[in-house]
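Some notes on the structure that comes next.
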Amino acid sequence: MQSQIILVLTGFFLTSILFYLNHRFIGHGPLGKWPLLHHMKRLHMMHHRNDYNEKRNKYLILPLWAKIAFFFVFLLLCIFSSSFALGYILYVFYYGWLHYKMHNGDKTGYFSRHHFIHHRKSSRHNFSGTMPFIDKIFGTKY
């Protein structure tokens, strides 16, 4: 039981680091210029252009292809470890919920303030909207 809890937590935190890396190096970095990743970067830039206006939710909700990709990765992870896969999918839902909440009214919470800096003060900082300690580890905390 204890090893399964550790695997869930490991899946959760490794996924948060992957989201950070995606945001930093694809959403805002040079990897977003690669042909297969360019569409992801373009969607992310639309999110930044419409971060707190009336169109914000159009660019917060994942397109169908992304939902299918997350589910496919979940199924693949289940082959190796259902506990790790659970941590992965829990983070995906946690991030989706908190990111939606941050752009729809919650501007006072710690995570919201951290994320707001990324959108309004410096898009070169605070790439991890839900785990600020990751920005501290990688030296990108504002």
Phe13/Tyr91 under ring pair (Phe, Tyr, Trp, His ring centres under 6.0 Å): CA gap, chis, key distance, verdict: CA-CA 8 Å; Phe13 288 109; Tyr91 183 79; 8.2 Å; no
Quick check: closest heavy atoms across His114 and Gly129, and the distance to 0.1 Å? CD2-CA, 4.2 Å
Are Leu43 and Met46 grouped together when hydrophobic residues (ILVMFWY) are joined by side-chain heavy atoms under 4.5 angstrom apart? no
Using the rule that Ile, Leu, Val, Met, Phe, Trp and Tyr join whenever any side-chain heavy atoms are under 4.5 Å apart, tell me whether Val92 and Leu76 fall into a single cluster. no
If we check side-chain contact (heavy atoms from CB on, under 4.5 Å) with Phe127, which of these qualifies: Lys141, Arg24, His115? Arg24
Answer yes or no: are there more than 12 heavy-atom neighbours, outside Tyr52 itself, under 6.0 Å from its atom OH? yes
What is the distance from atom CG of Asn126 to atom NZ of Lys136, rounded to the nearest 0.5 Å? 11.5 Å
Please determine whether side chain to side chain contact (heavy atoms under 4.5 Å, CB included) holds for the pair Tyr88 and Phe74, giving the CA-CA distance in whole Å, both sets of side-chain angles, and the decisive distance to 0.1 Å. CA-CA 7 Å; Tyr88 160 83; Phe74 172 72; 3.9 Å; yes
Rounded to the nearest 0.5 Å, how far apart are OH of Tyr142 and NZ of Lys121? 5.0 Å
Do Met131 and Ile134 touch side chain to side chain, with heavy atoms closer than 4.5 Å? yes
Is there a continuous path of hydrophobic side-chain contacts, each under 4.5 Å between heavy atoms, that joins Met45 to Met102? no
Would you kindly confirm whether Phe133 and Tyr110 end up in one hydrophobic cluster when ILVMFWY residues are joined by side chain heavy atoms under 4.5 Å apart? yes
Give the minimum heavy-atom separation between Gly11 and Phe84, together with the two atoms involved. CA-CE1, 3.4 Å
Separation of Leu86 CG from Leu9 CG (nearest 0.5 Å): 10.0 Å
Separation between CG (Asn57) and CG (Asn104), nearest 0.5 Å, reads 4.0 Å
Taking only residues two or more places apart in sequence or in another chain, which ones pass salt bridge (charged side-chain N to carboxylate O under 4.0 Å, His left out) with Asp135? none
Going by distance alone, is a donor N or O of one side chain under 3.5 Å from an acceptor N or O of the other, for Thr15 and Tyr95? no
Measure the acute angle between the ring planes of His48 and His44, then classify it against the limits of 30° and 60° as parallel, tilted or perpendicular. perpendicular
Under the side-chain contact (heavy atoms from CB on, under 4.5 Å) test against Ser83, which residue among Ile5, Leu77, Val8, Thr10 passes? Val8
Mind checking the CG-CD1 spacing from Leu31 to Ile26? Nearest 0.5 Å is all I need. 6.0 Å
Does Arg120 use its side chain to pair, donor to acceptor, with the backbone of Ile117 at less than 3.5 Å? no
ring-ring contact (aromatic ring centres under 6.0 Å, His included) partners of Phe70, counting only residues at least two apart: Phe19
Will you find, in the side chains of His125 and His118, an N or O donor that is under 3.5 Å from an N or O acceptor? no
Connected to Leu36, directly or through other members, by ILVMFWY side-chain contacts below 4.5 Å are none
May I ask whether Tyr20 and Leu60 are part of the same hydrophobic cluster, defined by side-chain heavy atoms of I, L, V, M, F, W, Y residues being less than 4.5 angstrom apart, directly or through others? no
Answer with yes or no after comparing the ring centroid distance for His23 and His47 against a 6.0 Å cut-off, counting only values under it. no
Closest approach of Arg56 to Asp51 (non-hydrogen atoms, all atoms of both residues): CB-O, 3.5 Å
Check: Lys41 side chain, Gly29 main-chain N or O, donor-acceptor pair, under 3.5 Å: yes
Just verifying a value: how many Å separate His99 NE2 and His103 NE2, rounded to the nearest 0.5 Å? 3.0 Å
